[in-house]
There are 2 protein chains.
Amino acid sequence: MGDSSRPSRATIADVAREAGVSRTTVSHALNGLGKVNSATRDKVKEVAASLNYRPSVRAQGLRSGRSQALALLSSMPSAVSAGPSQLGFFTELAMGCARIALLKGYVFVLAPPDGDANPVDRLDIDGAILLEPAADDPIAAALSDRGIPFVVIDGPAGERTVDLHHEDTAELLVSHLVERGAQHPALVAGTDRRRSQAAAREVYEAAAARVGFTPLIAEADESDGEDGGYRASARLLAEYPEVDGLIVPIDAFATGAVRAGVEAGRTVGDDLLIATRYDGLRARTSTPPLTAVDLGLDEISGAAVERLVAILDGGSEPDASSASAPTLVVRESTSGPA
Amino acid sequence: MGDSSRPSRATIADVAREAGVSRTTVSHALNGLGKVNSATRDKVKEVAASLNYRPSVRAQGLRSGRSQALALLSSMPSAVSAGPSQLGFFTELAMGCARIALLKGYVFVLAPPDGDANPVDRLDIDGAILLEPAADDPIAAALSDRGIPFVVIDGPAGERTVDLHHEDTAELLVSHLVERGAQHPALVAGTDRRRSQAAAREVYEAAAARVGFTPLIAEADESDGEDGGYRASARLLAEYPEVDGLIVPIDAFATGAVRAGVEAGRTVGDDLLIATRYDGLRARTSTPPLTAVDLGLDEISGAAVERLVAILDGGSEPDASSASAPTLVVRESTSGPA
DNA sequence: CAAGAAAGCCAAATCGATTTGGTCACTTTA
DNA sequence: TAAAGTGACCAAATCGATTTGGCTTTCTTG
């Protein structure tokens, strides 16, 4: 158990006193800087080891102006991003980022999307990865305000944006439904104007024109979660019974759509094909399991962290991200019962 | 995008100069301490706002000796804890901890289990939550060394341990198989000597004595993951064909066990019942889905954080944790095809 | 051999906040 | 009227490191 008699850790001054040298010399000796006699250097190292000295990360941070910490931030409503069991898109990205960050010598701070409270001021970070910022994103503003550099995952294209390949993803979904024989695929979208939504609409409408079906778009509010998707889909199916496919990018909506389909007497995977975007817990455990897209989040988070670290460490930008294309994961919701 | 011209943030000295008072007075005014004329206080606040002043978390940390940060740590091999898609037990706990920690005014640092590197020295934390430490756990040693208080999830019972209810969990699994008619339930366990394993063995053997079946235990190495579970189960089923139930606490082993069962010509859920412990992605997406236990990780992580914060803030210990008992989630692997 | 270089070491400044221990000018109270 | 408060403020110490700018010696080298 944690010892409650906290033995105040040895400081550089303790080492200096014990070794009979100045703090400067201790610092130089331990960091391999300056001119230090090798005998002195050894002596200092020995004393440091015997006192079990470790430099204080806090003090180093204050002095150097860097904390060697990064964070993943998002102002998305957590109902959408996290899901009921805390597993999901945000979490998966966070773990991916954390792993790479650690390899690069940074620690990773977890700031769960919390709705109102803006955590930026309480975070001691050198840089951040910002997930899908809305226009006028408050977190983006706070970061700029504090002079904290950040990389965006899924924002307007640019030097500091890592793309989520929304167009490709949407294209995969639409083409797949069409290939599977859907004559009247509809889109169930979110009301808020993020890039993923815009891309889905564009690609969907382009496909409608190309293939020759009438575009039908239902909308629901992201923060309503599964129920929102359910209601939008139910309305859609009631009003347009000819609809035989649903593209539902937001997975919380998608499970709602399944419910609506079943209640409307449809057989999901047979006379109603449903596909969603994020291949997470919801898609995999839905009944039937949902066709979804493997977005390659490991690569995405890795690319984001690498770009951020490149900016922070001032080195050369990493190679143009060889981000592999997203791939479809076909499941029963578009391929009928196994 | 992050602005690369970093405008060095306003410091308390800037505010003091601008307001024509000393740094002391600024500090007192902003923190509501000391005796400050209310006109002066207002003036200081106004200047602080106009300069967009925010105290440096780094400097506060150095001064106060606290970083207001916590971390979840584990020395378990990540093959077991994290799983291929980074989702899992560790992640679920981390997100739970992070949420509560944030509510309590702490930020949460993510330190993915990384095998060799001991992250403790690079972490600026006030306290930690340690997951399932082995005997002579290196991370536990490092924490004690640095004088960092920690709470254990799943360790020897005590003031600073939050229990995972292994006995109850194991009991649930064994009784369930017996109830479902298993005559010869076997146990597939890990080789390493952690509490969960010990509890599973004890409860299993007690049940064998009580109910009257011959205990059969197969072992596999945790770090072999699914394959280890597969091989152990295959051997077991080949040697003891009468086995009609498998208790496989480690979920990675469990999916291996399913594979072994199928290859041995069994029908999982019918003539071979399989149940596992952690109700995560593996259990839910296995074919067939696995009966598992809802461990109540949200409550566990909440209790751990609350206890830790109580220790750190020196307040009274929180009420004896009213940790609710784990509950069984029955799925096809023990109840036959739907 | 004197000027200059290099080795070896250290005192003090610095990072940005909080806290301690004052000073000074006015009240109160005894 | 002297002693004791108290309101308002500030200089300097402090936290624990790194870095700047010396200051001595001891070589080199023209």
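Numbered from 1 within each chain, the chains take letters A, B, ... in sequence-line order.
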With a cut-off of less than 4.0 Å, is there a side-chain N or O of [X] near OP1 or OP2 of [N]?
| X | N | answer |
| --- | --- | --- |
| A/T40 | C/dC9 | yes |
| A/T25 | C/dC9 | no |
| B/Y53 | C/dA17 | yes |

Taking only the side-chain heavy atoms of [X] (C-beta and beyond), determine which of [options] contains the nearest atom.
| X | options | value |
| --- | --- | --- |
| B/P55 | D/dT18, C/dA17, D/dT19 | C/dA17 |
| B/T11 | D/dG16, C/dA17, C/dG8 | C/dA17 |
| A/N37 | C/dC9, D/dT19, C/dT18 | C/dC9 |

Any donor-acceptor N or O pair under 3.5 Å, side chains [X], [Y]:
| X | Y | result |
| --- | --- | --- |
| A/S196 | A/E132 | yes |
| A/Y106 | B/R122 | no |
| B/T25 | B/S22 | yes |

Without decimals, in angstroms, what is the distance between [X] [atom1] and [N] [atom2]?
| X | N | atom1 | atom2 | result |
| --- | --- | --- | --- | --- |
| A/L62 | C/dT14 | CG | C1' | 9 Å |
| B/R9 | C/dG16 | CZ | P | 9 Å |
| A/L30 | C/dC9 | CG | C1' | 15 Å |
| B/R23 | C/dT14 | CZ | C1' | 12 Å |
| B/I12 | C/dT18 | CD1 | C1' | 8 Å |
| B/Q60 | D/dG16 | CD | C1' | 17 Å |
| B/H28 | D/dC10 | NE2 | P | 11 Å |
| A/K35 | C/dA6 | NZ | C1' | 7 Å |

For A/R195 and A/D163: C-alpha separation, side-chain torsions, deciding distance, then whether salt bridge (charged side-chain N to carboxylate O under 4.0 Å, His left out) applies. CA-CA 10 Å; A/R195 281 198 65 253; A/D163 194 20; 3.7 Å; yes
Let me confirm one number: the OG-CG distance from B/S67 to A/D124, rounded to the nearest 0.5 Å.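 It comes to 9.0 Å.
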Using a heavy-atom cut-off of 4.0 Å across all strands, would you classify A/S64 as base, sugar-phosphate, or nothing?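 Counting heavy atoms under 4.0 Å across all strands, no contact is made by A/S64.
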Assuming nearest nucleotide by heavy-atom distance, tell me which of B/R41 and A/R58 is located more 5' along DNA chain D. B/R41
Assign each of B/R63 and B/S22 to its nearest nucleotide of DNA chain D by heavy atoms, then name whichever residue's nucleotide is nearer the 5' end.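 Looking at the nearest nucleotide for each, B/S22 comes out on the 5' side.
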Could a donor-acceptor pair under 3.5 angstrom be found where the side chain of A/T24 meets the base of C/dA11? yes
